[in-house]
A.B. asks: 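One structure is given below, represented as structure tokens, and several questions about it will come after.
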Amino acid sequence: MHGVYVPSSRLVNLELFRQINKMALKKNGFIPSSAPEELKKVLVAVASVWGDTIEDMEEFHVFPLKGAMTNEVFQINWPTNHGDLHQKVLVRVYGKGVEVFFNRDDEIRTFECMSELGQGPRLLGRFSDGRIEEFIHARTLSAADLRVPEISSLIGAKLREFNNLDMPGPKNVLLWERLRTWLSQAKRFCSPSTAKEFGLDGLEEEISILEKELTQGYQEIGFCHNDLQYGNIMMDEETRVITLIDYEYASYNPVAYDLANHFCEMAANYHSETPHMLDYSIYPDLEERRRFISAYLVSSGNEYSDAKVEQLLSDAEKYTLANHLFWGLWGIISGHLNKIDFNYLEYARQRFQQYWLTKPLHLSS
């Protein structure tokens, strides 16, 4: 799947999808006259900047990209004025209801800042319901790639670089506030029986217990991706350069939480026949996690000790608990907002089960 972008995004905008899906009823298609006028104008403008004159909308070829769970994403190609070559861009149509999970304005500012820093795709244009991004000519990683030691070390080094970014705005930890906000939203969407099944009435206390336990002592705070699953990692096969994409959930948090999130994602394969199912038997073992954290620390060029590795290893394991609650609540909310073919409630059920199973192992009380 070289050159194909498969995002991790999480919640589909069904209304806009129905409009834009007319572009791509089969494997590929053309932008029809019924497509949003604003989108057509922005595409023509982007092509014009690159010296390409578009006289007929059918010159735009549209390819829907699979794997989206927050936005709907398309690759759009058109012939250039320079021979038989084609330009490629990525069009992202924002998901409906995502304001429950994050502030879209904040996410756009983060994307623009990443673009300016050369950390991700360039922003090429915006329209009211989405944006046009540079198409990165790299391979989206697979679940299996995360287990390759060389690739894992490259990801660890890139994550360290990401965590060290000096991003504008407040540098406060967002994790605990977001958990409480999502809990409130989950209770609002849930039926009493679902709320009882997931034990939502007792989760406020669990969040407080975690916050108290996990924030004791020194913690390194950094700009965290918070959703570092394989679909959000791209690699140039020739240069081996890693690019992290999709920053909807990015914020300042303890870096141990970002490590925990990545480790938890290694139990998932979103491109299997049952993408919602998690397999914790393949959760990275102690040596795999230690190797990743060592690569993470050594990449900054600073001295680090075995004690530092072990401390971060321990902290990351504790933060898996917060991660299970985070994506468990996300699953409950998504299950009530989203109609795509993904069993969100079963996904949430597995995350909560893992929380209760591992809590005694990671907390001292």
A.B. asks: Please determine whether a side-chain nitrogen of the Lys or Arg among Glu346 and Arg349 lies less than 4.0 Å from a carboxylate oxygen of the Asp or Glu.
C.D. replies: yes
A.B. asks: Do Phe198 and Leu203 touch side chain to side chain, with heavy atoms closer than 4.5 Å?
C.D. replies: no
A.B. asks: Have Tyr296 and His262 got a donor and an acceptor in their side chains that come within less than 3.5 Å?
C.D. replies: no
A.B. asks: State whether Asp315 and Lys318 are salt-bridged, where the test is any N-O pair (Lys NZ or Arg NE/NH1/NH2 against Asp/Glu carboxylate O) under 4.0 Å.
C.D. replies: no
A.B. asks: Would you please name every residue forming a salt bridge (charged side-chain N to carboxylate O under 4.0 Å, His left out) with Arg290, sequence neighbours left out?
C.D. replies: Glu287, Glu310
A.B. asks: Thinking salt bridges, do Arg180 and Glu211 make one under a 4.0 Å N-O criterion?
C.D. replies: yes
A.B. asks: With side-chain contact (heavy atoms from CB on, under 4.5 Å) as the test, pick out the partner of Asn226 among Leu175, Asp258, Asn261.
C.D. replies: Asp258
A.B. asks: When you compare the side chain of Met167 with that of Tyr252, does any pair of heavy atoms fall below 4.5 Å?
C.D. replies: yes
A.B. asks: Would you say Asn323 and Thr320 are linked by a side-chain donor-acceptor pair, where the criterion is simply a distance under 3.5 Å?
C.D. replies: no
A.B. asks: Would you say the side-chain atoms of Arg351 and Tyr347 include a donor-acceptor pair closer than 3.5 Å?
C.D. replies: yes
A.B. asks: Can you confirm whether Ile221 sits close enough to Asn253 that some side-chain heavy atom of one is under 4.5 Å from a side-chain heavy atom of the other?
C.D. replies: no
A.B. asks: Determine which pairs satisfy ring-ring contact (aromatic ring centres under 6.0 Å, His included) with at least one residue from residues 304-325, sequence neighbours left out, and list them in order.
C.D. replies: Tyr280-His324
A.B. asks: When you look at Tyr257 and Trp176, which way does the ring pair (Phe, Tyr, Trp, His ring centres under 6.0 Å) test go after all the steps?
C.D. replies: CA-CA 11 Å; Tyr257 176 79; Trp176 309 110; 8.2 Å; no
A.B. asks: Say whether Tyr283 and Glu288, considering side chains only, have a donor N or O and an acceptor N or O under 3.5 Å apart.
C.D. replies: no
